[in-house]
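Notes follow once the structure below has been shown.
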Amino acid sequence: MGIHNSPSMGWNGGPGVVGGPVVKKLVRMDVPAEKYPNFNFVGRLLGPRGNSLKRVEATTQCRVYIRGRGSVKDTVKENKLRDKPGYEHLNEPLHVLIEAEFPADIVDARLNQAVVILEDLLKPVPG
């Protein structure tokens, strides 16, 4: 018995991933926290038990990171971490990073899909 590969497998072993070389792209979206200081953007992005963020990641297969001032729940902890290596983003305004790693022909479409979903989540809803 030999090992048999499915014909729908891409060259890197990913199902259905066909195309040119894999490209990694990063998109930054600023959160309008200064414009709406009383709106809980981090809570809105995360959703109940982090489900909104998980849904965006599952739908688009992109990684989403919440970064900047206010991205750490505990403000005392955030102030302690602010100047430590790897936490430089805490000196910047609140923002979201979207990372995609796909073949060059589809990477932009996946990033755009994530941006559209996240823009909708970042619209402050009264209530």
| query | Same cluster for M29 and Y65 if Ile/Leu/Val/Met/Phe/Trp/Tyr side chains link at under 4.5 Å? | reply | no
| Does P48 offer a backbone N or O that forms a donor-acceptor pair with the side chain of N51 under 3.5 Å? | yes
| field | From R110 atom CZ to E99 atom CD, the distance as rounded to the nearest 0.5 Å | value | 14.5 Å
| note | When rounded to the nearest 0.5 Å, the distance separating NE2 of H89 from CG of L81 is 8.5 Å
| query | Any donor and acceptor pair, going by atom type alone, linking the side chain of N112 with main-chain N or O of D108 inside 3.5 Å? | reply | yes
| Heavy-atom distance under 4.5 Å between the side chains of L111 and K25, does that happen here? | yes
| message | Set out, in order, the CA-CA distance, both residues' side-chain angles and the distance that settles side-chain contact (heavy atoms from CB on, under 4.5 Å) for D30 and L94, then state yes or no. | response | CA-CA 7 Å; D30 289 325; L94 190 63; over 6 Å; no
| message | Please give me the minimum heavy-atom distance between R44 and D120, naming the atom from each residue. | response | NH2-O, 3.8 Å
| field | Where F102 and Q61 come nearest, the two heavy atoms and their spacing | value | CZ-O, 3.3 Å
| request: Could you pull out the closest heavy-atom pair between K123 and F39, with the gap in Å? | output: O-CZ, 4.4 Å
| query | In Å, rounded to the nearest 0.5 Å, how long is the span from CG of L118 to SG of C62? | reply | 9.0 Å
| query | Under 4.5 Å between side-chain heavy atoms, hopping through other hydrophobics if needed: is there a path connecting V64 to V31? | reply | yes
| said: Does any part of the side chain of L97, heavy atoms only, come nearer than 4.5 Å to the side chain of V27, both counted from C-beta? | reply: no
| task | Check the pair I98, L26 against side-chain contact (heavy atoms from CB on, under 4.5 Å), reporting the backbone distance first and the verdict last. | result | CA-CA 6 Å; I98 310 161; L26 200 65; over 6 Å; no
| Are V42 and I117 connected in a single hydrophobic cluster, I mean Ile/Leu/Val/Met/Phe/Trp/Tyr linked by side-chain heavy atoms less than 4.5 Å apart? | yes
| said: Return the CG to CZ distance between L46 and F41, rounded to the nearest 0.5 Å. | reply: 13.5 Å
| query | Hey, which of R82, R28, R69 is the one that makes salt bridge (charged side-chain N to carboxylate O under 4.0 Å, His left out) with E92? | reply | R28
| said: Is there a path of hydrophobic side-chain contacts, each under 4.5 Å between heavy atoms of I/L/V/M/F/W/Y residues, joining I66 to V72? | reply: no
| said: Apply side-chain contact (heavy atoms from CB on, under 4.5 Å) to residues V107 and V22 and explain how you reach the verdict. | reply: CA-CA 9 Å; V107 71; V22 174; over 6 Å; no
| query | Got a second to check how far R55's CZ is from T60's OG1, nearest 0.5 Å? | reply | 10.5 Å
| query | Is there a donor-acceptor contact under 3.5 Å from the side chain of E78 to the main chain of G70? | reply | yes
| Looking at H95 and G68, what are the two nearest heavy atoms and their distance? | CE1-N, 3.9 Å
| note | In this structure, CG of L90 is separated from NZ of K80 (nearest 0.5 Å) by 14.0 Å
